[in-house]
Amino acid sequence: MTDPNTVPSEADWESAPSLVDGAMELQLTAETCDLQYWLRSVPQGTLRGQVLGHAEDSRPLSVVAEPGPLNSALTQELAFRSIAEEKATRAISYLVALAPDNPSLEFYATQLLDEARHAMVFRSHLLELGIGAADLWPSIERLAGEDSRRILVPLEEFGLRALRDQRDFIGGVVILTVLVEGVLAPSAELSERKWRVLDPGASEVERGAGIDEIRHLTVGSSIAREYLLAHPEEKPRILELIQEGYALWEKLPSNELVLRREELFQQGLEQHAGLVGDYEIWPGRRLVDTTAQERAETAHEWSTRMQRTRMVYMGLEEAL
Ligand code: FE
Ligand code: FE
């Protein structure tokens, strides 16, 4: 029997892989990732008891905490992400309600709490970037309300049509795993890497969310895979749903959003290159030498690679 207090290495702060590597290489199931696993892994493991998702002394550099392009880039991103995580939390409540068995019920109950936590830590990090507590919610609307209506609301409606209107558990699992998390996840890894020096707290918050995301992506894929193996007659319907989701995704201005964020970051990076020094965003590539376009394309490339691997695993490669 596993020692109830041992933190699994994929959830351990030091030994967990990166999000992109973990989501491509690990195979976790709902049976493994039950409530006991989560209690060992997350509060005692990934979070190490740090309620706000980062060490007490990890503070943003003043060029990030004060008004300027770096502050705008990060506050816009965190506001957008906090809305996305809140929407995910609410949508997952349907997965909990519709869960066909206890392993998937326990797993989605933990994912619901993970996403609510992500919303909370992204939101609370805004307070460290000069936003006053009384002004927090209006600021989130000002920073990301419009982007949310253009990108997140259409995705949410698509998900709710399956989950709330059709009570389609597996359709909801696939939409969440393939479209929402699978596509948004790589920007989290990019964020963790690019803020590491300028705002180590933000980077740690992203790292923690990324470790959770490995579990969400791998378990979601395994639930879909096992379901499709047991119900091959459902495959055409699921493929159609994915294709419909991809067609919707194509119409959303998400690349434009990522690029706008990277361009703000670039302005700040050029102004404060000295602070970043020789820090490498990925092996062999100094952050100061990258461009907005290059960072956006790299995240996009990770996303495509991750998608491909997971779709093959689920037996849904025809949708690619
Ligand atoms: Fe999340
Ligand atoms: Fe997630």
Side-chain angles (χ1 to χ4, degrees), residues 10-11 16-24 26 28-30 32-33 35 37-38 41-43 45-47 50-54 77-96 99 104 106-126 140 144 147-148 151-152 155-156 158-160 163 172-192 195 202-224 245 254 299 302-303 306-307 310 314:
E10 68 275 9
S18 75
L19 167 55
V20 174
D21 289 343
M24 288 201 294
L26 287 170
L28 297 169
T29 63
T32 323
C33 297
L35 200 41
Y37 172 97
W38 185 89
S41 301
V42 183
T46 310
L47 296 180
Q50 292 171 355
V51 172
L52 291 181
H54 69 72
E77 172 167 5
L78 291 170
F80 182 81
R81 299 276 301 283
S82 76
I83 300 175
E85 302 284 355
E86 183 197 319
K87 288 189 183 306
T89 309
R90 293 177 188 276
I92 289 164
S93 69
Y94 290 97
L95 288 173
V96 176
S104 53
E106 288 198 12
F107 172 73
Y108 281 113
T110 68
Q111 185 174 342
L112 186 149
L113 209 52
D114 290 335
E115 309 299 8
R117 185 188 77 83
H118 300 165
M120 180 276 285
V121 288
F122 291 145
R123 208 165 50 227
S124 57
H125 200 72
L126 289 170
I140 291 173
D147 291 329
S148 163
I151 298 171
L152 299 175
L155 272 174
E156 179 182 37
F158 182 66
L160 289 180
L163 283 165
V173 168
V174 167
I175 291 170
L176 189 71
T177 309
V178 174
L179 291 165
V180 184
E181 307 233 64
V183 185
L184 292 175
S187 66
E189 169 129 11
L190 176 63
S191 206
E192 179 196 333
W195 292 108
S203 178
E204 287 171 34
V205 160
E206 296 283 0
R207 163 87 172 147
I211 293 174
D212 292 341
E213 211 48 59
I214 295 174
R215 186 169 60 251
H216 301 167
L217 286 166
T218 53
V219 175
S221 313
S222 120
I223 292 174
S254 58
W302 289 337
S303 156
M306 266 172 58
Q307 286 270 323
R310 305 239 58 90
M314 288 183 274

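For ligands, and for the atoms within them, numbers begin at 1 and follow the listed sequence. Numbers here are sequence positions counted from 1. Reckoned from all heavy atoms, side chains included, excluding hydrogens, waters and symmetry mates.
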Checklist entry - Which of the N/O/S atoms in E181 sits closest to the Fe ion (ligand 2)? => result OE1
Checklist entry - For residues T29 and T32, is any side-chain donor paired with an opposing acceptor at under 3.5 Å? => result yes
Next on the checklist: Testing the 3.5 Å rule here: is there a donor-acceptor pair between the side chains of H216 and E115?
Outcome noted: yes
Next on the checklist: Distance check below 2.8 Å: does D212 bring an N, O or S atom to the Fe ion (ligand 2)?
Outcome noted: no
Checklist entry - Partners of S104 by side-chain hydrogen bond (donor to acceptor under 3.5 Å, both in side chains), sequence neighbours excluded? => result D101
Which single N/O/S atom of [X] lies at minimum distance from the Fe ion (ligand 1)?
{"X": "E85", "result": "OE1"}
{"X": "E115", "result": "OE1"}
{"X": "H118", "result": "ND1"}

Checklist outcome for this item: dist W195:CH2 -> H125:NE2 (nearest 0.5 Å) comes out at 9.0 Å
Checklist entry - Does L35 offer a backbone N or O that forms a donor-acceptor pair with the side chain of E106 under 3.5 Å? => result yes
Item to check | Contact check: H216 to the Fe ion (ligand 1), N/O/S below 2.8 Å | outcome: no
